[in-house]
Amino acid sequence: MIRICRLTKLAMTTKSFIINTVYLIFLSLLTGLFLSYGADESIEIRKDIRPGEVLIVDSPAFVGSSEEYAPLETIIKEGKKYYLTNSEILDIFTEEKTEYSESSILYEGVEYIDLMPETAWVQVITEDLKLKQTVELPVVSQVEERSYWDYNFTFPIEVSGYQEDTYLLGDREIPNGAPLIDYTEEFLKYLNLPGDYYEITSIVWTGEPVERNGDMVRNAQARGKKLVKNIRAVYGGEVTVPSVQARIYRGNYEEDRTESQTDPLIYKDSEAAVYERQAWNGYRKIERYIITITITLTVLLLLLILILILHKKKKAESEPDQSD
């Protein structure tokens, strides 16, 4: 009976050992799976992003060098500061348009009796497009830039009836032989020239009396000065600028969020950005899983071998006792 109890106890111990071993193997496999995939859980990071306001600024259309049209590094608009993030040059065709243009002409030595032209053909230049056009425009303003005395004032005098005792200058009777310089005011009045603008400084005979159609005639030359001005006349009006091939500079700007740090933040548009981070990539997961399974199966095999050895040993020890 003792032997039977020992065999039963041995069988029960072996069976319990096998059950516990299988349970441990199951836990090992399950743990291996967790170890293999547990580190692969994605880590989700949510971050609120405050988008900065973006501005796109185009330069005037231009032809030629682009240096002077390059965008500024920073600009201020409506009290906000913007930084240039990138820029590019684009080829375009300008649209035909009508715009107001002006051009000026400097008239030098304009005297009292001169009339300024009401219209003039002037050259209008569109600087950005290097475009020159000749158009007729009306005068819009006149500006006196300088006034001065011109000493080239001169006019001829012809005295007819020189053989008479007197001769007439307009309605004034001049005695024959009297110096003509004494009658400068009468000469200016006869020519309808104001004394504020003209002055006669000398009158000299230019030859001897000659007979012409039974009348004695003698010529003289008056000299003096006249007050003249340099006047700049501005001509302006609507001018049609044709379409031409040109280029523009386009600058992209982003609002400087570091400005006004003391002000409360105002989120105009909030976006959620999700980032996923994995501890291992696909290759590493497969490699780790294979290693885990290999180790687990190896442990299982060793445990089974150990069980078989122990089982055979116990069986061998029990057989002699049964023969007795």
Side-chain angles (χ1 to χ4, degrees), residues 98-127 131-240:
T98 300
E99 60 184 16
Y100 181 83
S101 298
E102 288 185 350
S103 186
S104 65
I105 298 177
L106 178 61
Y107 296 97
E108 297 181 313
V110 179
E111 56 181 290
Y112 175 80
I113 60 175
D114 291 334
L115 295 176
M116 297 292 293
E118 294 296 322
T119 63
W121 287 91
V122 295
Q123 189 176 76
V124 176
I125 301 176
T126 306
E127 293 290 347
L131 183 64
K132 298 180 181 180
Q133 296 176 267
T134 301
V135 294
E136 186 179 19
L137 296 176
V139 64
V140 294
S141 66
Q142 298 177 4
V143 178
E144 178 184 324
E145 293 190 350
R146 179 190 174 198
S147 62
Y148 54 95
W149 287 101
D150 182 356
Y151 290 87
N152 292 321
F153 173 52
T154 180
F155 60 91
I157 300 173
E158 183 180 272
V159 178
S160 61
Y162 185 74
Q163 74 280 9
E164 304 294 336
D165 293 335
T166 60
Y167 40 87
L168 292 176
L169 176 59
D171 58 356
R172 179 69 181 270
E173 189 175 297
I174 300 177
N176 192 348
L180 297 181
I181 192 64
D182 294 340
Y183 299 92
T184 57
E185 293 184 6
E186 284 74 9
F187 277 108
L188 292 178
K189 183 179 180 180
Y190 180 79
L191 297 174
N192 198 26
L193 298 176
D196 293 339
Y197 290 88
Y198 297 88
E199 182 179 336
I200 299 173
T201 56
S202 67
I203 300 177
V204 296
W205 297 107
T206 57
E208 296 298 323
V210 295
E211 185 178 353
R212 185 186 300 164
N213 299 324
D215 190 13
M216 297 298 295
V217 178
R218 192 175 186 183
N219 294 326
Q221 184 78 26
R223 294 184 178 278
K225 60 182 182 179
K226 56 185 177 180
L227 186 64
V228 297
K229 301 176 181 179
N230 290 348
I231 298 177
R232 184 171 296 278
V234 178
Y235 298 87
E238 298 294 327
V239 177
T240 299

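Nothing fancy with the numbering, it's 1 onward along the sequence. Just so it is clear, the model here is predicted, and its values are computed rather than measured.
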*Would you name the heavy atoms of P175 and Y183 that are closest together and state the gap between them?*
CD-OH, 3.7 Å

*Write out all pairs satisfying ring pair (Phe, Tyr, Trp, His ring centres under 6.0 Å) with one or both partners inside residues 134-155, taking only residues at least two apart or from two chains.*
F153-F155, F153-Y198

*Where do A120 and Y107 come nearest, in terms of heavy atoms and distance?*
CB-OH, 4.3 Å

*Side-chain touch W205/V159, heavy atoms, less than 4.5 angstrom*: yes

*asked:* How long is the straight-line distance from OG1 of T119 back to CD of E136, given to the nearest 0.5 Å?
replied: 4.0 Å

*Looking only at atom types and distance, does a side-chain atom of N230 sit under 3.5 Å from a main-chain N or O of G109, one as donor and one as acceptor?*
yes

*Could you go step by step and tell me if K229 and Q142 meet the side-chain contact (heavy atoms from CB on, under 4.5 Å) rule?*
CA-CA 12 Å; K229 301 176 181 179; Q142 298 177 4; over 6 Å; no

*asked:* So does T201 get a backbone contact from the side chain of R223, meaning a donor-acceptor N/O pair under 3.5 Å?
replied: no

*Counting only N and O atoms by type, is there a donor-acceptor contact under 3.5 Å from the side chain of N176 to the main-chain atoms of Y162?*
yes

_Gap separating the OG atom of S160 from the CG atom of L168, nearest 0.5 angstrom_ = 9.0 Å

_Spacing of CD belonging to E186 relative to CD1 belonging to I200, to within rounding of 0.5 Å_ = 9.5 Å

*In Å, rounded to the nearest 0.5 Å, how long is the span from CD of Q163 to CZ of R218?*
13.0 Å

*Taking all heavy atoms of L169 and all of Y190, pick out the closest pair and write down the distance.*
CD1-CG, 4.3 Å

*Do D114 side-chain atoms and E111 backbone N/O form a donor-acceptor pair below 3.5 Å?*
yes

_Any donor-acceptor pair under 3.5 Å from S104 side chain to R232 backbone_ = no

*Step by step, would you call V217 with N219 a side-chain contact (heavy atoms from CB on, under 4.5 Å)?*
CA-CA 7 Å; V217 178; N219 294 326; 4.3 Å; yes

*How long is the span from the CD1 atom in I113 to the CG atom in N192, to the nearest 0.5 Å?*
10.0 Å

_To the closest 0.5 Å, what do you measure between CD1 (I181) and CZ (F187)?_
9.0 Å

*So which of E99, Q133, E102 actually passes side chain to side chain contact (heavy atoms under 4.5 Å, CB included) with V239?*
Q133

*Hey, is CG on D182 packed in by over 12 heavy atoms from elsewhere, all under 6.0 Å?*
yes

*Within 6.0 Å of NZ in K226, more than 12 heavy atoms from elsewhere*: yes

*For the pair S103 (side chain) and Q123 (backbone), establish whether a donor and an acceptor sit closer than 3.5 Å, ignoring hydrogens and angles.*
yes

*asked:* Quick check: closest heavy atoms across V124 and S101, and the distance to 0.1 Å?
replied: CG1-CB, 3.5 Å

*Dump the intermediate steps for side-chain contact (heavy atoms from CB on, under 4.5 Å) on L188 and E199, then the final yes or no.*
CA-CA 8 Å; L188 292 178; E199 182 179 336; 5.9 Å; no

*Should we say atom CD of E118 is surrounded by more than 12 heavy atoms from elsewhere, each under 6.0 Å from it?*
no

*Can you see which heavy atom on A222 is nearest to which on I203, and at what distance?*
CB-CG1, 3.9 Å

_Heavy-atom closest contact (A220 atom, L180 atom, distance)_ = CB-CD1, 4.2 Å

*Is it true that atom CD of Q221 has more than 12 heavy atoms of other residues, nucleotides or ligands lying nearer than 6.0 Å?*
yes

*Step by step, work out the side-chain contact (heavy atoms from CB on, under 4.5 Å) result for V234 and V143.*
CA-CA 8 Å; V234 178; V143 178; 5.6 Å; no

